[in-house]
Amino acid sequence: MKTIREAAEEFGVTTRTIRYYEELGMLKPERTDSNKRLFSNAEIAKLKLIDRGKKYGFTLEEIKEMVLLFDADRSGKKQLERTIEYGKKQIEEMERRIEELEKTKQEMGSLLGEFNEKLSKLKGMEK
């Protein structure tokens, strides 16, 4: 069992972030008699899924759905199916953004070439 502070440190987030995930229904930590949150291995695993989902660009709604699917279907089949579906969409979006970045990079390269040419001409006029 880990405290909220220990869980936050492990994942590099604030305790407020973890409480927010709890508010969204993504986490259900146990409570001590003094009402302190304690996170079991299962809840830490959910935090790991949330952390990984954020790293890969999934929305909180998508992450929540995937986390809750595991609770609903302990075989993990539904969660895996949904993760594959969302993962494919995310890869398509990444590929689109990469294409946009490549296009922008080419445009900038062309502009820099033009600017270097103009600068060379201007320097030649100074002599």
Side-chain angles (χ1 to χ4, degrees):
M1 299 294 268
K2 294 188 179 191
T3 66
I4 191 169
R5 181 148 320 280
E6 291 169 334
E9 287 173 6
E10 182 175 336
F11 292 96
V13 297
T14 64
T15 56
R16 176 68 192 114
T17 298
I18 292 176
R19 286 192 298 273
Y20 180 64
Y21 297 153
E22 184 181 358
E23 288 172 24
L24 293 177
M26 298 166 81
L27 298 171
K28 293 180 183 98
E30 294 179 26
R31 298 287 183 143
T32 66
D33 292 338
S34 59
N35 209 29
K36 290 186 178 182
R37 292 168 177 84
L38 289 178
F39 293 84
S40 65
N41 287 340
E43 295 304 302
I44 294 297
K46 288 179 188 179
L47 264 172
K48 190 174 202 172
L49 286 172
I50 294 166
D51 184 59
R52 189 176 294 158
K54 285 177 50 187
K55 175 183 173 188
Y56 293 126
F58 294 113
T59 67
L60 277 180
E61 272 306 308
E62 291 168 335
I63 295 168
K64 179 181 178 180
E65 184 179 358
M66 290 183 280
V67 167
L68 295 180
L69 275 174
F70 185 73
D71 285 342
D73 173 22
R74 286 297 182 171
S75 74
K77 182 179 176 245
K78 290 180 182 179
Q79 182 191 40
L80 286 172
E81 289 171 343
R82 189 55 49 103
T83 301
I84 290 167
E85 176 188 332
Y86 286 149
K88 286 179 179 179
K89 280 180 24 185
Q90 196 62 19
I91 287 173
E92 288 172 6
E93 177 61 22
M94 287 177 191
E95 288 172 345
R96 187 190 63 73
R97 289 193 321 240
I98 288 169
E99 286 176 18
E100 286 177 5
L101 286 171
E102 285 292 334
K103 183 179 177 186
T104 302
K105 178 182 170 186
Q106 290 173 356
E107 290 171 0
M108 186 174 279
S110 294
L111 282 172
L112 287 175
E114 290 175 26
F115 295 161
N116 277 322
E117 197 175 303
K118 285 181 182 181
L119 183 60
S120 292
K121 287 179 182 177
L122 290 170
K123 284 182 178 179
M125 296 172 108
E126 291 175 350
K127 293 181 181 178

ask   = Got Glu65 and Glu62 here, is their nearest side-chain heavy-atom distance under 4.5 Å?
value = no
task = To the nearest 0.5 angstrom, please state how far the OG1 atom of Thr59 sits from the NZ atom of Lys64.
result = 11.0 Å
Pairs of donor and acceptor atoms involving the side chains of residues 102-115, under 3.5 Å and at least two apart or interchain, shall be tabulated with distances.
| from | atom 1 | to | atom 2 | distance (Å) |
| --- | --- | --- | --- | --- |
| Thr104 | OG1 | Glu100 | O | 2.9 |
| Ser110 | OG | Gln106 | O | 3.2 |

task = Look at atom CZ of Phe11 and say whether more than 12 heavy atoms of other residues, nucleotides or ligands are closer to it than 6.0 Å.
result = yes
inquiry  = When you compare the side chain of Thr3 with that of Lys36, does any pair of heavy atoms fall below 4.5 Å?
reply    = no
task = Take Glu10 and Glu6 through the test side-chain contact (heavy atoms from CB on, under 4.5 Å) and record every step on the way to the result.
result = CA-CA 6 Å; Glu10 182 175 336; Glu6 291 169 334; over 6 Å; no
Contact summary for Ile63 and Gly53, nearest pair of heavy atoms = CD1-C, 3.6 Å
task = Decide yes or no for Thr83 and Tyr56: does some side-chain heavy atom of the first lie under 4.5 Å from some side-chain heavy atom of the second?
result = no
task = Decide, yes or no, whether a salt bridge links Lys46 with Glu22 under the criterion of side-chain N to carboxylate O below 4.0 Å.
result = no
message = Taking Leu24 as the starting point, is it possible to reach Ile4 by hopping between hydrophobic residues whose side chains are less than 4.5 Å apart?
response = yes
ask   = Is there side-chain contact between Lys78 and Arg82, with at least one heavy-atom pair below 4.5 Å?
value = no
remark   = Nearest heavy-atom approach of Met66 to Gln79 is O-NE2, 3.1 Å
ask   = Which distance, rounded to the nearest 0.5 Å, do you find between the OH of Tyr21 and the CG of Asp51?
value = 7.5 Å
message = Looking at every heavy atom in both Val67 and Leu49, which two are closest together, and how far apart are they?
response = CG2-CB, 4.3 Å
query = Quick one: do Glu81 and Lys77 make a salt bridge, cutoff under 4.0 Å?
reply = yes
Test log, rule side-chain contact (heavy atoms from CB on, under 4.5 Å), inputs Val13 and Tyr20 = CA-CA 11 Å; Val13 297; Tyr20 180 64; over 6 Å; no
key: Phe39 to Ala7 - nearest heavy-atom pair and separation   = CD1-CB, 4.4 Å
task = Before giving the answer on side-chain contact (heavy atoms from CB on, under 4.5 Å), spell out for Ile18 and Thr15 the whole-Å C-alpha distance, their side-chain angles and the decisive distance to 0.1 Å.
result = CA-CA 5 Å; Ile18 292 176; Thr15 56; 5.6 Å; no
message = Between Ile44 and Lys2, is there a side-chain heavy-atom distance shorter than 4.5 Å?
response = yes
query = What about Leu60 and Leu69, same hydrophobic cluster or not, with Ile/Leu/Val/Met/Phe/Trp/Tyr joined at side-chain heavy-atom distances under 4.5 Å?
reply = no
query = Between atom OH of Tyr86 and atom CD of Glu93, what is the distance when rounded to the nearest 0.5 Å?
reply = 15.0 Å
ask   = Once you round to the nearest 0.5 Å, how far does NZ of Lys48 lie from CG of Asn41?
value = 11.0 Å
Salt-bridge present (Arg96, Glu99; N to O < 4.0 Å) = no
Any side-chain heavy-atom pair of Glu43 and Glu30 under 4.5 Å = no
inquiry  = Quick check for you: to the nearest 0.5 Å, what is the distance between Glu61 atom CD and Met26 atom CE?
reply    = 8.5 Å
